[in-house]
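The first residue of the sequence shown is numbered 1, and numbering continues consecutively from there. Hydrogens, waters and symmetry mates play no part in the numbers below; they use all other heavy atoms, side chains included.
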Amino acid sequence: MTKVLELGGFAAGFCGRLFVHAGAEVVRIEGALPPVTDAWVSERAMDIFLHAGKERVSFTDASALRRLAADADVVVAEGMPDEIEALGWESLDGIRVAITPFGMTGPRRQWHASASVLQAMAGQTYLMGDPGVAPLTLPGHYTEYQSGQYGYISAAACLHAIDRSGASPLRSIDISMLETLLSLSQMTTVMWTCSGRVRMRHGSNYGVLYPANLFPCADGWFHITATHRFWGAFARMLGRPELEHDPRFAAAPARTENQEALDEIIVEVLGQKTREEIQRLGEAARVPAGALKDLDEVLVDPHLSAREFWHTVEGIRVPSLGFRFRDESAGGRNWLPVPAKDGSTRRRASSTARERGSMPDGKGPLAGVRILDLTHVWAGPLGTRILGDLGADVVKVERPMGRGGVSGTPGAGNYPGGEKGEDPWNRQATFLKLNRNKRSLAIDLKKPEGRRVFLDLVRVADVVIENFSARTMPGLGLGYDVLREANERIIYVSMPGYGRTGPYSGRVTYGPSVEAMTGLNAVMGYSPDEPRNTAVALPDPIGGVTAAAAVVTALNRREATGRGAFVERSMHESGVSLLGEFLVERQLGANPQPIGNAHPAHAFSDILRTRGEDEWIAVTCKTEADRAILEEIIDGDASDHDKHDLTARLQAAGIPAGPVTIAPDILADPQVSDRRYFVRLEREDLPSTPMPGSPMVIDGDFERPYWYVAPRLGEHNRQVLEDWLAYEADETARLERDGVLVDRPPG
């Protein structure tokens with residue numbers, strides 16, 4: 001059994017929670033690092049949510065820690081670099097995971113931070129809230145929990161490498177919370193580097209497409225996400241089919257330009273209806289719609305109840321994980337163990353310390369793992385990118401029209417160098433960002449020969465992952481039962497928005513509409529009077545990281561049991577699972593409400609206007625003494641100060657502070673530059689363009705020589721079939737002639 005030592009705060013706690021659910025023995029060592037006081041909710045709520053199922057011991061000294069680590073497989077610690085190093089970090093056995101605000105190296109490694117400061121410096125805060133006033137920071141612990149997920153993924157990947165090689169090939173993992181957030185943006189930096197545009201904030205409006213916004217209705221609020229794909233269906237849902245071709249709204253840019261007129265129509269038609277009525281209309285029209293739910297409604301949500309999403313700790317309902325191993329014979333029951341009800345773990349026989357070794361070929365801990373990636377849009381490709389970053393051989397299985405037609409993807413406008421070129425389908429910036437370290441196999445699965453080739457690949461693959469609707473793969477004759485017949489050890493990961501079972505399973509989903517259903521929008525905003533959407537589609541990056549966590553969990557489970565698995569990752573449940581402490585606190589009698597940029601545990605926390613147009617700084621004063629220092633430094637008015645200069649002065653005084661950044665600020669950040677976070681993967685047909693990297697730095701490998709640029713459509717058709725299946729050249733040539741394999745969109 002895997003044994004994990006956990007030291008530190010919420011990121012380490014969430015990492016340990018994932019290990020508990022995966023069946024590991026987790027020992028939380030308390031007092032080894034300074035206590036964390038950044039809780040939005042009570043200590044009891046955090047204990048119930050994060051620490052059930054863990055053994056808890058008190059720290060005595062570094063030598064005792066070394067003895068415990070000698071019997072552990074993983075040690076995860078969260079704190080400041082000097083605090084972690086003082087524990088004798090480099091001398092500890094096992095896989096070491098250090099989670100710090102800015103990383104273990106770099107000129108700002110000892111800067112003081114809070115979640116608010118990190119979100120500001122990562123460019124996330126600037127996008128949230130209303131234009132013309134202070135932007136909003138997220139409530140809760142999204143920053144820490146996503147960092148903890150990355151810690152779990154990288155450590156679990158290293159454990160998988162150990163199980164395959166018998167030696168410990170990788171020992172030191174460095175997770176930066178700032179880089180975690182930078183890795184989870186959709187288009188913030190590529191809009192700037194490819195088009196010279198800065199993404200702005202638009203209230204609850206997603207901004208780059210319309211309508212994607214919160215709207216009032218008879219009994220609350222609802223979210224509609226009607227992209228170009230759904231515009232005609234949404235017009236019919238409104239009972240106004242003529243709007244589909246109305247010149248004010250027919251094209252995506254026109255809808256954005258005329259959004260006030262469109263808003264009037266939406267509110268006129270839907271504003272007097274209830275959330276349930278609107279939800280039913282959305283389901284019938286196959287349009288992504290989500291009713292905004294408060295915490296009480298989430299706790300009694302019939303869909304979550306039907307899917308047995310909750311487990312009980314001390315009589316309190318606690319969210320399970322955002323993924324499950326489904327047992328078809330038991331109605332989709334969750335195979336993952338849940339923490340003991342009393343919050344304790346029985347002591348079991350521990351694993352022995354691993355022998356140290358080296359990773360063959362320097363290709364990352366998942367080298368040799370073969371993944372067939374059928375995902376599209378954002379969450380799925382992000383999840384498989386994480387796995388590719390760790391060395392897996394990810395083959396992106398693409399439809400001939402998967403990247404749009406010969407003129408490019410509708411609505412796409414970001415291309416390296418600002419030029420679409422002659423093959424825009426190969427140059428779209430968001431695709432390039434999300435699909436590095438993958439090979440492209442463009443194949444028509446609707447053709448019998450395409451299906452045959454795909455099943456040949458399944459026979460030698462480890463993982464198949466897709467984020468289609470529940471009926472797509474069975475409709476192609478490629479459901480899990482068929483894949484399992486081809487390869488009984490296959491791990492099949494499905495990523496439906498609401499899962500494959502339950503009352504909501506048939507709904508069409510996008511991240512913003514799912515977000516409203518999680519309870520997040522009920523605790524975010526300037527005041528309780530009007531909720532706010534994050535406008536960054538938060539369930540997508542949550543779901544992508546959760547999918548990667550599901551895959552490494554399944555790989556390790558297969559090493560232990562010899563069995564493949566059907567793994568289901570629900571975007572809805574992934575989002576709810578990161579709000580666990582709020583949901584627990586509500587059951588304990590509190591009622592969390594939107595409080596703007598304040599923080600319930602701090603003397604002062606806010607986003608302050610600084611010199612310049614729409615320039616801001618995030619400041620966190622944990623004590624009244626810190627607040628007095630802030631007042632002295634700003635001399636009554638932060639708007640007289642440059643945000644970067646003021647940040648430096650506050651940091652020198654020991655106060656967590658950071659500029660609210662936009663893309664040019666991020667790319668110029670000396671900490672990010674020193675750690676070589678942004679990567680330039682070269683392709684002869686593209687100008688060199690910095691793209692977001694990975695927050696997982698393993699054994700100090702900032703260079704990652706095995707990484708490669710995102711592929712052209714069908715670029716690796718022959719290579720994949722030769723590598724995986726030893727197909728002869730004449731066989732692949734025949735498949736190309738028959739249109740089974742393609743290297744450009746039809747037409």
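- For the atom pair R569 CZ and N467 CG, the distance stands at 7.5 Å (nearest 0.5 Å).
- Residues meeting the side chain to side chain contact (heavy atoms under 4.5 Å, CB included) test with A157, sequence neighbours left out: P365, L366, L390, V552.
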Q: With side-chain hydrogen bond (donor to acceptor under 3.5 Å, both in side chains) as the test, would you mind laying out the steps for Q428 and R403 before giving the verdict?
A: CA-CA 9 Å; Q428 213 285 318; R403 303 190 192 184; over 6 Å; no
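- Checked against ring pair (Phe, Tyr, Trp, His ring centres under 6.0 Å), Y510 has the following partners two or more places apart in sequence or in another chain: F230.
- Checked for salt-bridge contact, E308 and R324 miss the test: no charged N lies under 4.0 Å from a carboxylate O.
- No side-chain donor from either of T180 and S183 sits under 3.5 Å from a side-chain acceptor of the other.
- R484 has no carboxylate O lying under 4.0 Å from a charged side-chain N of D481, or vice versa, which leaves the two without a salt bridge.
- Taken to the nearest 0.5 Å, the CD atom of Q149 stands 10.0 Å off from the CZ atom of R17.
- Side-chain contact, Y145 with S577: no donor N or O sits under 3.5 Å from an acceptor N or O.
- Under the 6.0 Å cut-off for aromatic ring centres, H376 and F468 qualify, their centroids lying closer than that.
- Note on ring orientation: taking the six-membered ring where Trp is involved, the planes of F325 and F323 are perpendicular (angle over 60°, cut-offs 30° and 60°).
- R712 and S440 are not linked by any side-chain donor-acceptor pair at a separation below 3.5 angstrom, with hydrogens and angles left out of the test.
- Under the 3.5 Å distance criterion, with hydrogens and angles disregarded, no donor-acceptor pair is assigned to the side chains of Y504 and E283.
- Taking 4.5 Å as the limit, every side-chain heavy atom of R385 sits out of range of all side-chain heavy atoms of V394.
- Salt bridge annotation for D462-R558: present, with a cationic side-chain nitrogen under 4.0 angstrom from a carboxylate oxygen.
- Scanning for side chain to side chain contact (heavy atoms under 4.5 Å, CB included) contacts around A11 gives E78, I99, E144, S147, M177, with sequence neighbours left out.
- Put simply, the side chain of V742 does not reach to within 4.5 Å of the side chain of D444, judged on heavy atoms.
- Between E722 and R439 there is no salt bridge, since no side-chain nitrogen of the basic residue lies less than 4.0 Å from a carboxylate oxygen of the acidic one.
- To the nearest 0.5 angstrom, L483 atom CG is 12.5 Å from I491 atom CD1.
- N435 contributes no side-chain N or O that, together with a main-chain N or O of P381, makes up a donor-acceptor pair within less than 3.5 Å.
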